[in-house]
Amino acid sequence: DTAVSQTPKYLVTQMGNDKSIKCEQNLGHDTMYWYKQDSKKFLKIMFSYNNKELIINETVPNRFSPKSPDKAHLNLHINSLELGDSAVYFCASSQARGIDTQYFGPGTRLTVL
Amino acid sequence: GEDVEQSLFLSVREGDSSVINCTYTDSSSTYLYWYKQEPGAGLQLLTYIFSNMDMKQDQRLTVLLNKKDKHLSLRIADTQTGDSAIYFCAATYSGGYQKVTFGTGTKLQVIP
């Protein structure tokens, strides 16, 4: 009965590789998000989708491309990985209307070597 | 854009009260939240307050909002070792597409 799930939980890869992180929510929410949490625990929003439509796109390198095949899924693809991409990536979801409570996934720890 | 600031670290003894403070810059912020992040886990909503409220109490948690000073606090009564975590303040406003700005996080250490 997991609400927001992410795969994989850990991802270790070499510089220059391309990788994807998947996110799924079973809460029936309309809006999904990707956040990056750095080593100092600062949390920054990267993207937000509402009903499969991109609505927030913060200053993020073009190497990061979100894809939402349906409103329950929001995947994050990263091209040409760099050392600075090492972080924990959190997916979240919320209702489009009403209280803006965001429900977070468990995170994906990405380590780029 | 919105800035949300918190002190980075707080240490308290078990059984004492903890007060975690937060300041924000956007006076049009409508919803203010406190999230808890335990080690190796995602963020979990603890409580929230609407901007037209001054105070909200929920069991051991008390949220105080000073809208004039744009200051939010979270008081945890009878702090337990299980309360050790990072606490994030967050703010959003009712317009737009619900972009929530998170604070820098306060690491709470509870000493037995």
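Since the model is a prediction, treat every value here as computed from it, not as a measurement. Chain letters run A, B, ... following the sequence lines, proteins first and then strands; every chain starts at 1.
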Side-chain donor-acceptor pairs under 3.5 Å in residues 8-17 of chain B, sequence neighbours left out?
residue	atom	partner	partner atom	Å
S11(B)	OG	Q109(B)	OE1	3.4
S17(B)	OG	R75(B)	NH2	3.0

Identify which part of Y103(A) has an atom lying under 4.5 Å from any heavy atom of chain B, answering side chain, backbone, both or neither.
neither

Can you tell me which portion of K9(A) sits under 4.5 Å from chain B's heavy atoms? Options are side chain, backbone, both or neither.
side chain

With a 4.5 Å cut-off on side-chain heavy-atom distances among I, L, V, M, F, W and Y, is there a chain of contacts connecting [X] to [Y]?
X      : Y       : result
V60(A) : F102(B) : no
Y10(A) : L81(A)  : no
F64(A) : I45(A)  : no

Each residue besides V12(A) in its hydrophobic cluster should be listed here, by chain and number; the cluster joins Ile, Leu, Val, Met, Phe, Trp and Tyr at side-chain heavy-atom distances under 4.5 Å.
L113(A)

For I86(B), is it the side chain, the backbone, both or neither that has a heavy atom under 4.5 Å from a heavy atom of chain A?
side chain

Looking at L43(B) and F104(A), what are the two nearest heavy atoms and their distance?
O-CB, 3.3 Å

Out of curiosity, Q37(A) CD to Q37(B) CD, how far, rounded to the nearest 0.5 Å?
4.0 Å

Which value, rounded to the nearest 0.5 Å, describes the distance between K41(A) atom NZ and F88(B) atom CZ?
7.5 Å

